[in-house]
Every structure is written in C-alpha cells, then in structure tokens.
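Written below as structure tokens is the structure these notes are about.
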Amino acid sequence: MATPDLSKEEKSEVEEDTVEECGDGFSDMSDSEFLHLDDLMWPVHCQGEAESSKRNYEAHQNQGELQDTSETVNAENPNCSTELPEGYLQRVEHGKETAGKRQKRKSDARNPLERYHMKYLCVTDLCAQGWCEQQMVYSIELPGFLQPERVALMDRGASIHLARELEVHDIVSVCTKTREDSWAVKFLNLLTTISVLQAGGPVRECPVFGEIDGIFLVGVIDELHYTPKGELELSELKTRGRPSLPTNAQKRNHHLQVKVYKHMFDAMVRGQMNLDNLISHLRLRPEQPLGAHIKEHAEKAGLTVNCFGDLLELTCLSLTFSDLPNIDRLTLEYHYQKDNTLIGTETVHFGNIEEELQDYMAFWKGWRETKGVDIEEAWKCRSCNYLDICEWRKTMGTVINHTKRTKQ
Ligand code: SF4
C-alpha cells in the first residue's frame, strides 16, 4: 500500500500520536482515587489483586493515571500484564506466529470481547480503536512491543498527571482480597466524588461507568470543576512531547474521549446506572461480604455496608438523588511534558457520537471484520510497530494495485 513520504516534522508528529496518553480506564487507574475519610481526602489504592492490571496496549496509550502496584498478570486475561518484556522490539518480526493467530481468529466463532476475555471496555479502548482498529487488535494479540522512547514519554506524562492529582488529595493504599473488594474501592471513590461535587468542589480522577449499545464501559475523567458561571466543566489533561498542539487526527480521538465521558457521566447522574446490568456484565457477586480493610474505610467515611451489593445500592441512590448537573463544558488542556507549561486549551462541542460508537461496538460484537486505517490516513502506518505484518495494509495494497491495473 502506497504511503506519502513524511517530513521529519510529520514523522515526529506521527510517532507522538501513538504514544500520547488518553488517560482513563479502570485498568490503568489502579483503583487510586479519592476516598473521603473524616475531614481528609485520601485516595484509595487497591493492592490486592490483578483486576486493575493494564491492558498492554493501554500501556502506550494511557499515561494519565497512577499505576497499579500489583505485578500479577491478569488472571482474567492472559494477554494482560503490567510488565513489559525485557527487550523492546522496534517491529514485530513474528510472521509465522501472526499467521497462525490470524488463521485461528478466522475460524473462531467468538466475538472479540469473548475472544480476548474482556468483560468491559475502557474509554481508551475506543480511542485506540479510533486511531487504528487493526493496530489495537495487534496490540492485544501481540502485547509488549513498546519502544523504549515511548515508555519514557509515558513515564513523564504519568508523573505530570500524578503531581496534579496529588494537588487535591493524598493517596491511601487499601488491601483487597476479592474482585468485589477491588470494585468496591472504585465505588467508594465515586461516592467521594459525588459529595465533593455536591459541595461545589473540584474533583480529579472521577470514575465513570455505563453501558453503551449493550457493552459495558468504564473510564476516569481527569478533572471536573465548576466555572465562575456555575457550569460543570470537564477538563482533560493531555501531555505532549513537543511544545505544539496535536494534529487533527489526534484531536479527533481526544474529542471522542471527552464526549464519551460526558455521555457516561450525564447518564449516571440521571440515575441510569443499571445495577443488574453492571453485575451481570462484570460477573460480580452482590452478596459477597466486603473485606475488613474496605469496611474499615467505608466506616470512616460514615457508611454502613456489609456486602458488595450494599455499596452498589448506596452508590446508585447517591447518584440518583445527588442533583448533580450534566457536564456543561468539555475542555482539553495540552501541556508540554518537559516543563509542564500549558501549550493551549481547546473547547470541544458535544455532538452526536452514536453513529461512531455503533460502528466501534459492531466490531466488539463480532458483527464486522477488523478494519485498518483508510488510505487517506496511511501515514499512520509509518510509525506503526506492526507495519511489517499488517494484513490490512497488504490487502489494501493488493486492492489498489488491482484497481490501477484495471484502469490501465
Ligand atoms: S500498519 Fe497501518 S493499518 Fe496496519 S495496524 Fe499499523 S497503522 Fe493500522
């Protein structure tokens, strides 16, 4: 497939595209948010299990949250690990292995969610999909091919996010024993978020949950605060390796991210978080007693809860009767990683995202095949780790050559 030659500047931009963080998702938020204990706000950091292990492809998409201290490979998803391989490869060279996987995938009747053992999607999954769906699939199937310079960029971005988070609260580690405990931490933090917003304060790392088109999604909003006019504003921090604003292709992903957050947050405060759906999607046990450490933190926050279901109901009631407004403004804030200076801000207009999301979800439901980038965006392939093995690219090249021959 033909691709236009890129100038050094363009190439650098492309490379940065693939590493810029989208910052959200419980798999990368590490259960570390804010739990109001007495008069202090101590974010809780779950230590106990692998629920929050990063998806490998998120490792290079997201730098926006704290990392889980757990080093356990995610038992629910053998493809998921918080650890990177000892040697990073610039390009995937495993043609045989890939061909085998490809063949297997074609004869596999399961949809991608089932195939990759995913109970839910993170909003960043949709961002990765928006960049290149084929690349996202390779990232899941062939994890660990992250270039060292990208790891360094991610680390710097993560530090800026962490410093910002620590401006408004400290972090508390909580030991969890079960999956329900791990999710309980997220709901305790959500309860804290609700009460701080109700009091008119700003919150950072606000968890959001919801079902879109039959698929469960989770995410973490960087910041919510009220403007002097009293509007509730979502502010998403993006760190950049160069002191310039991103390309339109990058911006499209960022816009989608904040629009999905708004969609989910608004649905939550309208009382549309369906507990039965949540439990069945995540396969959690509402009757599961909460661990001692979780109960201890809940009690300090003035909550009486015994089992996971108690906490879920409490969260749902708090959301429904919170009187919190919908998000009024969406803002992206771009910072230069080197010195954390502000490069610029951008206001995002909330439009209809249903059609776009339906197309993404159709992939996850197995209703259509994986797509790579369109010919107009073939420049993205230049910096892609999977360039040498990409089936989509090969197929598109064949189609283009055939079309050319037919015309001659
Ligand atoms: S080579 Fe291009 S089409 Fe293939 S995965 Fe990479 S970016 Fe996507």
Side-chain angles (χ1 to χ4, degrees), residues 1-7 9-22 55-62 79 88-106 108 112 115-116 118 121 124-151 153-154 241 246-254 256-257 356 359-360 362-364 366 368-403:
M1 187 160 121
T3 56
D5 283 329
L6 299 177
S7 66
E9 176 82 351
E10 285 168 325
K11 192 161 188 296
S12 167
E13 187 77 27
V14 171
E15 283 167 354
E16 188 167 310
D17 273 350
T18 59
V19 297
E20 182 161 5
E21 93 305 324
C22 290
R55 288 191 189 124
N56 187 278
Y57 62 89
E58 281 186 336
H60 69 269
Q61 291 288 340
N62 309 331
N79 287 329
Y88 303 114
L89 301 184
Q90 190 168 12
R91 291 274 165 82
V92 177
E93 303 285 357
H94 299 163
K96 277 186 187 168
E97 182 193 8
T98 309
K101 285 193 175 181
R102 203 165 47 242
Q103 194 54 42
K104 206 172 160 190
R105 195 189 319 134
K106 278 184 179 163
D108 190 343
R115 192 180 308 135
Y116 304 128
M118 293 159 78
L121 296 178
T124 41
D125 293 333
L126 301 181
C127 296
Q129 193 176 1
W131 182 257
C132 174
E133 190 174 274
Q134 179 67 78
Q135 188 186 69
M136 178 198 66
V137 168
Y138 283 139
S139 305
I140 299 170
E141 294 184 350
L142 299 164
F145 297 97
L146 198 54
Q147 294 170 4
E149 60 271 28
R150 294 182 178 173
V151 177
L153 269 177
M154 284 161 47
T247 58
N248 287 337
Q250 283 176 295
K251 282 184 183 174
R252 270 202 303 279
N253 267 13
H254 301 160
L256 175 71
Q257 184 183 4
E356 190 173 358
D359 181 50
Y360 290 173
F363 162 77
W364 291 105
R368 64 167 174 78
E369 288 295 317
T370 314
K371 291 189 286 195
V373 296
D374 289 334
I375 183 72
E376 297 79 19
E377 295 203 319
W379 51 268
K380 289 180 179 176
C381 304
R382 284 298 180 100
S383 64
C384 176
N385 288 347
Y386 307 99
L387 174 70
D388 297 338
I389 59 158
C390 180
E391 272 304 297
W392 172 265
R393 208 178 136 80
K394 279 182 201 151
T395 309
M396 289 294 280
T398 309
V399 170
I400 289 165
N401 287 338
H402 177 74
T403 312

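Note that ligands are numbered from 1 as they come in the structure, with each ligand's atoms numbered from 1 the same way. Quick note: numbers below take in every heavy atom, side chains included, and nothing from hydrogens, waters or symmetry partners.
If you number the atoms of ligand 1 from 1 as listed, the ones under 4.0 Å from a heavy atom of Q134 come out as 5 (S). Here is the list of ligand 1 atoms found below 4.0 Å of a heavy atom in C390: 1 (S), 3 (S), 4 (Fe), 5 (S). Near W392, the atoms of ligand 1 lying under 4.0 angstrom from a non-hydrogen atom of the residue are 3 (S). Listed by number with element, the atoms of ligand 1 under 4.0 angstrom from any heavy atom of V373 are 3 (S). Interface atoms of ligand 1 facing Q135, defined by a heavy-atom separation under 4.0 Å, are 5 (S). Each of the following atoms of ligand 1 lies closer than 4.0 Å to a heavy atom of C381: 1 (S), 2 (Fe), 3 (S), 7 (S).
Residues W131 and M136 form no side-chain contact, since every pair of their non-hydrogen atoms from C-beta on lies 4.5 Å or further apart. Contact annotation: the side chain of L142 never approaches that of N385 to less than 4.5 Å [non-hydrogen atoms, C-beta and beyond]. A 4.5 Å side-chain heavy-atom check between W392 and V137 finds every atom pair outside the cut-off.
Between the OG1 atom in T370 and the OH atom in Y138 there is a gap of 8.5 Å [rounded to 0.5 Å]. Note that CH2 of W364 and CD of Q129 are 6.0 Å apart. Values are rounded to the nearest 0.5 Å.
C132 lies apart from atom 4 (Fe) of ligand 1 in this respect, since none of its N, O or S atoms is found at a distance under 2.8 Å.
In this structure, the salt bridge (Lys or Arg N to Asp or Glu O under 4.0 Å) partners of R368, at least two apart in sequence or on a different chain, are E133, D359.
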